[in-house]
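Report on the following structure.
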Amino acid sequence: MSERIRPLIAGNWKMNGTSAALNEISRLRELIAEARRIAADILVCPPATLVHRAAQIAQGDAIALGGQDCHASRSGAYTGDISAEMLSDAGARYVILGHSERRAGHGETSAEVRAKAEAALAAGLVPVVCVGETETERAEGYANAVVGDQVTESLPDFAADAEIVVAYEPVWAIGTGKTPTIDDIAQMHRHIRQLLVDRFGAAGESARILYGGSVKPSNAGEILSTPNVNGALVGGASLKADDFFGIISAA
Ligand code: 13P
């Protein structure tokens, strides 16, 4: 059952980091090598410019690399965009899709996110599909409905041997230091789990549902022990390997 799913601790560096930041991948590798036991899968999603070099430094399976977005098409006249195949070719195994910063800043709709997720699956990447309500939507009592619609409309159908990750990130908790109560996190993750099971059956039972929004070493233990929370999507606290490792250790 979902309680025994191996957690995924994912770092989203957003638009942060140049070559010097690759030292954090080296440091993370060291910390993982020194640890007696790592009870989670680890993913770092740096800017696309660093994916290839980060994958070379990560060497092996301990740290997976991911992109932060991809185009829905395989190739073509899309200046500035990156395809899922390109990310995979650079060494990525995952790609974050539909982050609220892209939904808000680039007007991405759930239908577009779904098309991107289909492209990611076709390229052999695991899509990490983000959903989450705004503060107003929560205050007005629409959090479940908004997140439910995003889950339903953003997720593609997928083959039984493929994998999809959902990340619940309340928009108002991102980069603010604010987090929902543990009861609210548990309620929303239960809601998402139900939608996944209703639609995908066993694959929905085993799909990982990450929580994201102001996760740090000091609150990770409690959040990660919440039912149906199968990992974390971490922004600010993933930029420094030591902080990120603090969250990994909490898993
Ligand atoms: P913070 O951890 O900085 O709140 O960011 C969360 C996030 O947006 C991860 O995708």
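As the structure lists them, so they are numbered: ligands from 1, and atoms in each ligand from 1. What you are looking at is a predicted structure, and each value in this text was computed from that prediction instead of being measured. Just so you know, these numbers use all the heavy atoms, side chains as well, and skip hydrogens, waters and symmetry mates.
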Hey, does [X] sit under 4.0 Å from ligand 1 if you only count heavy atoms?
| X | answer |
| --- | --- |
| Gly212 | no |
| Lys14 | yes |
| Ala237 | no |

Ligand 1 versus Asn12: contacting region, heavy-atom distance under 4.0 Å = side chain
Given that the side chain starts at C-beta and the backbone is N, CA, C, O, which of these parts of Ser100 lies under 4.0 Å from ligand 1, counting heavy atoms, or is it both or neither?
-> neither
Do any N/O atoms on [X] end up under 3.5 angstrom from N/O atoms on ligand 1?
| X | value |
| --- | --- |
| Leu233 | no |
| Gly175 | yes |
| Glu101 | no |

Do the charged groups of Asp242 and Arg27 touch, with an N to O distance under 4.0 Å?
-> yes
Which protein non-hydrogen atom lies closest to [atom], naming both residue and atom, and how far is it?
| atom | value |
| --- | --- |
| atom 7 (C) of ligand 1 | Glu169 OE2, 3.1 Å |
| atom 2 (O) of ligand 1 | Gly235 N, 2.8 Å |
| atom 3 (O) of ligand 1 | Gly236 N, 2.9 Å |

Give, for atom [atom1] of [X] and atom [atom2] of [Y], the distance between the pair rounded to the nearest 0.5 Å.
| X | Y | atom1 | atom2 | value |
| --- | --- | --- | --- | --- |
| Leu125 | Arg93 | CG | CZ | 10.5 Å |
| Ile25 | Gln56 | CD1 | CD | 12.5 Å |
| Phe158 | Arg199 | CZ | CZ | 8.5 Å |

Salt bridge (charged side-chain N to carboxylate O under 4.0 Å, His left out) with Asp69: of Arg103, Lys14, Lys116, only one passes, and it is Lys116
When Glu108, Glu169, Glu112 are each screened for salt bridge (charged side-chain N to carboxylate O under 4.0 Å, His left out) with Arg102, the one that passes is Glu108
Atom indices of ligand 1, in the order listed, that fall short of 4.0 Å to a heavy atom of Ser214 = 1 (P), 2 (O), 4 (O)
Can you list the ligand 1 atoms lying under 4.0 Å from a non-hydrogen atom of Ala173?
-> 4 (O)
Share the residues that join Leu233 in a hydrophobic cluster, the rule being Ile, Leu, Val, Met, Phe, Trp or Tyr side chains under 4.5 Å apart at the heavy-atom level.
-> Leu8, Leu43, Tyr94, Ile96, Val126, Val128, Val165, Leu210
Partner residues of Phe244 under the ring-ring contact (aromatic ring centres under 6.0 Å, His included) criterion, sequence neighbours left out | none
For Pro180 and Tyr211, the nearest pair of non-hydrogen atoms, with its separation, is CD-OH, 3.1 Å
